[in-house]
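Just so it is clear, the structure is predicted and the values come from calculations on it, not from any experiment. By convention in this document, chain letters (A, B, ...) are assigned in the order of the sequence lines, proteins followed by strands, and residues within each chain are numbered from 1.
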2 protein chains.
Amino acid sequence: MTKAADRKSLTELEGAALAIIAREGPLTPYAVKEAFRNSPSEFWSGSAGAVYPLINRLEKRKLISAKADKGDGRARREFSITAAGRTAMKEWLVDAERAAGMGFDPLRTRLFFSELITPAERKAFIAAALARMEDGAPAPAVDLPHVKPLHDLWSRLRVKALKAFAEKMK
Amino acid sequence: MTKAADRKSLTELEGAALAIIAREGPLTPYAVKEAFRNSPSEFWSGSAGAVYPLINRLEKRKLISAKADKGDGRARREFSITAAGRTAMKEWLVDAERAAGMGFDPLRTRLFFSELITPAERKAFIAAALARMEDGAPAPAVDLPHVKPLHDLWSRLRVKALKAFAEKMK
DNA sequence: ACCCACATGTAATGGGTTACATGATTTA
DNA sequence: TAAATCATGTAACCCATTACATGTGGGT
């Protein structure tokens with residue numbers, strides 16, 4: 001019998017944390033936190049209050065496990081993904097249903113309501129947003145395989161979408 | 001002197017709720033809840049436990065106000081946006097800084113980690129995601145001005161992005 | 001020695017989700 | 001009139017954010 005906690009599917013945060021640990025090998029909680037902090041999306045805040053408890057939850061569910069402390073002074077625990085963790089992670093990763101969902105885009109949300117401002121205000125807003133989106137992406141700090149290309153791809157498409165929308169509003 | 005609560009800028013949920021009320025004229029809390037529930041993005045769950053307290057908060061902050069109950073039996077309160085609400089809403093709506101943020105995309109998140117599965121698994125995942133994304137959008141239930149076109153535009157671009165990524169992985 | 005970045009947490013708070021409760025209105 | 005849906009809420013729970021506390025290690 002599997003316990004209820006084991007059956008519950010992973011949240012996005014849990015899945016991403018597992019994936020990071022799976023990819024980067026043994027990691028300290030701090031390293032996981034930094035990985036989130038350096039993500040190009042503001043969605044992943046990587047706050048201590050989120051990540052440390054998260055790591056503890058994952059350990060309690062035996063999806064990750066810590067190598068014995070090296071005992072060299074400070075308490076550092078390096079976590080690796082377990083077999084069960086790998087299974088759960090893969091299940092999360094190939095969830096096409098969730099992947100297909102639209103997610104959340106603060107730009108799209110605002111464009112939905114763009115008729116509530118005057119054409120002049122709209123024009124100014126679009127120009128300001130474009131400026132921030134186009135000028136050099138702040139160079140995602142993580143240098144993991146797909147991070148930069150994917151970030152750039154998504155950025156370009158959002159710019160294109162905004163321009164298309166602006167064009168149609170003219 | 002403005003009170004702290006007034007100075008605090010709106011969350012996405014608060015901003016969107018205000019915008020809905022601004023656009024749709026006097027609305028009951030239930031109608032606002034349904035507007036969120038019918039949104040094409042799973043991000044806006046429109047649960048009762050989120051919306052009713054939200055409406056109360058907005059009223060307490062005097063960003064919306066209820067017309068006197070019509071007294072016809074059941075307690076129905078119809079809320080309209082106030083002048084202060086309109087100001088706060090516009091400030092939220094033209095916030096280009098936040099609009100430019102990448103937001104959250106469950107597809108993008110998974111593609112970041114797509115090297116953790118085998119090429120065959122990846123191919124299957126991409127096909128499954130594409131199928132769900134391309135087959136007729138479940139027709140957004142709300143028929144507000146930009147909802148459908150924007151939803152379609154974003155959908156098409158996400159499909160294009162996924163195809164581009166799949167191509168590059170070959 | 002001193003400062004700053006590294007590293008690991010916890011407490012208070014806020015707010016969203018799920019599930020439940022309750023009554024009114026509509027429809028079969 | 002019984003069932004379904006409309007409509008409004010509330011309570012328990014979960015979890016992320018902010019802010020704080022604490023200690024280590026390396027550089028100057």
Classify every nucleotide of nucleotides 16-22 of chain D by which part a protein heavy atom approaches to under 4.0 Å, writing B for the base, S for the sugar-phosphate alone and - for neither, in 5'-to-3' order.
-> SBB----
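Separating the CZ atom of B:Arg77 from the C1' atom of D:dC6 is a distance of 18 Å, rounded to the nearest angstrom. One interatomic measurement links the two molecules: CG of B:Leu10 to P of C:dG14, which rounds to 17 Å at whole-angstrom precision. One interatomic measurement links the two molecules: NZ of A:Lys33 to P of C:dG9, which rounds to 12 Å at whole-angstrom precision. To the nearest angstrom, C1' of C:dG15 lies 14 Å from CZ of B:Phe36. Going from atom CG of B:Leu27 over to atom P of D:dC6 covers 16 Å, rounded to whole Å. Nucleotide D:dA11 holds its C1' atom 15 Å from the CG atom of B:Asn56, rounded to whole Å. At whole-Å resolution of the value, CD in B:Glu78 and C1' in D:dT8 are 14 Å apart. Spacing between atom CZ of A:Arg37 and atom C1' of C:dA5 amounts to 12 Å, rounded to whole angstrom units.
Aromatic ring orientation, A:Trp44 versus B:Phe104: perpendicular (interplanar angle above 60°, classes split at 30° and 60°).
For A:Tyr30, whose side chain is taken as the heavy atoms from C-beta onward, the closest listed nucleotide among C:dA7, D:dG9, D:dA7 is C:dA7.
By the 4.5 Å heavy-atom criterion applied to side chains, A:Trp154 and B:Leu107 are counted as neighbours.
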Between B:His151 and A:Arg108, is a side chain to side chain contact (heavy atoms under 4.5 Å, CB included) present by the stated rule, with each step listed?
-> CA-CA 8 Å; B:His151 180 255; A:Arg108 178 164 37 93; 5.8 Å; no
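The salt bridge (Lys or Arg N to Asp or Glu O under 4.0 Å) search around A:Arg110 returns B:Glu12, not counting sequence neighbours. Residues passing the side chain to side chain contact (heavy atoms under 4.5 Å, CB included) test with B:Ala128 are A:Ala96, B:Arg132, sequence neighbours excluded.
Here B:Tyr52 reaches the OP1 or OP2 of D:dT8: one of its side-chain N or O atoms lies under 4.0 Å away.
For the atom pair CZ (A:Arg122) and CE (A:Met169), the distance works out to 3.5 Å, reported to the nearest 0.5 Å.
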